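Heads up, the thing below is written out as structure tokens.
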Amino acid sequence: MTLNKLNEDFYLQSCLKAAKSLIGKVLVRKRGSKLYSGVIIETEAYLGDKDPASHSFKGRTRRNEHMFGRGGTAYVYFTYGNHYCVNAVIGKPGVAHAVLIRAVEPVTGIKSMKKNRGIDNIYELCSGPGKLTQAMEINGELNGASLLGNEIYITIPEVLRNHKIIKTKRIGITKNADVLYRFIDSESPFVSRVNYRRILIAQQEKNSKSNYRK
DNA sequence: TTGCGGATGGACT
DNA sequence: GTCCATCCGCAAC
């Protein structure tokens, strides 16, 4: 698995391409003797100073400083008093773009994930940005860690599946909320906010039909 | 289906 | 000091 680790070049492509391309890749987290992994099935792109929803829109602060780091850095932040979220920093140093990993399909370490989350339903283990960090023991200690290292990294799976990728509006934000910067495997039962997803797909179908009539 | 409590840190006044 | 943030779970409706 380690042989297929994504290299630095991957993290230097455009943020939207990277966000889409990360669907189907495998997020790996090692902590001591524990190993966790899961197939990424939901991401969101945050485009730095061009994107009011991005933490880095207003410039560099102590909180977001790692977003300005080299592509291939992990940006882990704490929010709402109880959740961590994990991002892959994209682009050259100074370009504060990042991809938020919103959901994964659990593969390795499921037993520990259930223990960490305190629940048994596999569909609820990693189906949200705050859930997957809790399940995989990802916390503030990893903020600024290299995704080219051994504690946390992303690999190409040995068996590639055919993911049906669609893009939708992002979740849980108010600024610049209309752009389609969220990518999901629309056939996966492991995505976050399932009801939300149905609504968004229905809206898209409605829109494409009305456009077609014109 | 909606609404709110949780519990922390950074930006801003 | 206040506000609110890339959210989750659960209680009440």
Side-chain angles (χ1 to χ4, degrees), chain A residues 11 15-16 18-20 22-23 27 38 40-69 71 73-91 95-106 113-145 147 152 154 167-184 189-200 202-203:
Chain A
Y11 299 103
C15 191
L16 288 170
K20 184 176 181 183
L22 279 172
I23 303 291
L27 176 66
I40 297 169
I41 46 98
E42 178 171 349
T43 62
E44 285 179 0
Y46 286 88
L47 303 187
D49 56 4
K50 293 193 285 291
D51 181 1
S54 171
H55 283 171
S56 54
F57 181 64
K58 290 179 188 167
R60 194 169 188 145
T61 66
R62 202 176 300 138
R63 184 195 195 202
N64 68 22
E65 62 176 329
H66 290 298
M67 282 188 89
F68 292 81
T73 300
Y75 169 48
V76 182
Y77 67 90
F78 187 74
T79 191
Y80 289 100
N82 26 338
H83 300 288
Y84 288 99
C85 298
V86 60
N87 295 249
V89 174
I90 302 295
V95 179
H97 292 190
V99 176
L100 170 66
I101 298 173
R102 285 192 52 89
V104 306
E105 175 182 330
M113 288 182 186
K114 287 180 176 176
K115 192 177 161 194
N116 296 342
R117 295 269 298 115
I119 57 167
D120 202 47
N121 181 346
I122 193 167
Y123 297 105
E124 293 292 327
L125 286 181
C126 299
S127 57
K131 297 180 187 178
L132 75 92
T133 52
Q134 185 183 23
M136 299 177 82
E137 294 192 57
I138 294 169
N139 57 37
E141 292 170 20
L142 288 177
N143 189 24
L147 295 174
I152 181 169
I154 300 171
K167 53 183 179 179
T168 77
K169 293 176 184 177
R170 292 176 291 185
I171 304 262
I173 57 171
T174 52
K175 301 162 194 157
N176 202 18
D178 289 334
V179 292
L180 302 179
Y181 287 174
R182 174 172 176 251
F183 298 88
I184 61 173
F190 292 91
V191 297
S192 70
R193 306 271 190 113
V194 174
N195 291 331
Y196 233 87
R197 181 181 129 216
R198 293 210 184 98
I199 292 165
L200 288 164
Q203 280 177 349

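Residue numbering restarts at 1 for every chain, and letters A, B, ... go by the order of the sequence lines. Bear in mind the structure is a predicted one, so any value in this text is a computation, not a measurement.
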Would you kindly give the [atom1]-to-[atom2] distance between [X] and [N], to the nearest whole Å?
X	N	atom1	atom2	result
A:I138	C:dC7	CD1	C1'	16 Å
A:Y77	B:dT8	OH	P	18 Å
A:E124	C:dC7	CD	C1'	13 Å
A:K58	C:dC4	NZ	C1'	10 Å
A:F57	C:dA5	CZ	P	15 Å
A:R60	B:dG10	CZ	P	15 Å
A:N82	B:dT8	CG	P	8 Å
A:L132	C:dG9	CG	C1'	17 Å

Got a second to check how far A:L100's CG is from A:T43's OG1, nearest 0.5 Å?
->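 These two atoms lie 8.0 Å from each other.
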Look up atom CZ in A:R182 and atom CZ in A:R170, then write down how far apart they are to the nearest 0.5 Å.
->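 Rounded to the nearest 0.5 Å, the CZ-CZ separation comes to 11.5 Å.
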Counting side-chain heavy atoms from C-beta on, which of [options] comes nearest to [X]?
X	options	result
A:Y80	B:dC12, C:dC8, C:dA5	C:dA5
A:K131	B:dT8, C:dA5, C:dC8	C:dC8
A:P129	C:dC7, B:dC12, B:dG6	C:dC7
A:R63	C:dC7, C:dG9, B:dG10	B:dG10

B:dA11 phosphate, OP1 or OP2, under 4.0 Å from A:T61 side-chain N/O = yes
Give a yes/no on whether any side-chain N or O of A:R117 is located under 4.0 angstrom from OP1 or OP2 of C:dG9.
->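 Yes.
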Select from A:F78 and A:I119 the residue whose nearest nucleotide in DNA chain C is closer to the 5' end of that strand.
->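 So the residue in question is A:F78.
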Are the side chain of A:E44 and the backbone of A:I171 linked by a donor-acceptor contact shorter than 3.5 Å?
-> yes
Are the ring centres of A:Y123 and A:F190 closer than 6.0 Å?
-> yes
Any strand: nucleotide that pairs with B:dA7 via Watson-Crick or wobble, under 3.5 Å =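 Across all strands, not a single nucleotide pairs with B:dA7.
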Scan A:N87 against the nucleic acid and name what it touches under 4.0 Å (heavy atoms): base, sugar-phosphate only, or nothing.
->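 Answer is base: heavy atoms of A:N87 come under 4.0 Å of a base.
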Contacts of A:I119 meeting side chain to side chain contact (heavy atoms under 4.5 Å, CB included) (sequence neighbours excluded), chain-then-number -> A:R117, A:E124, A:L125
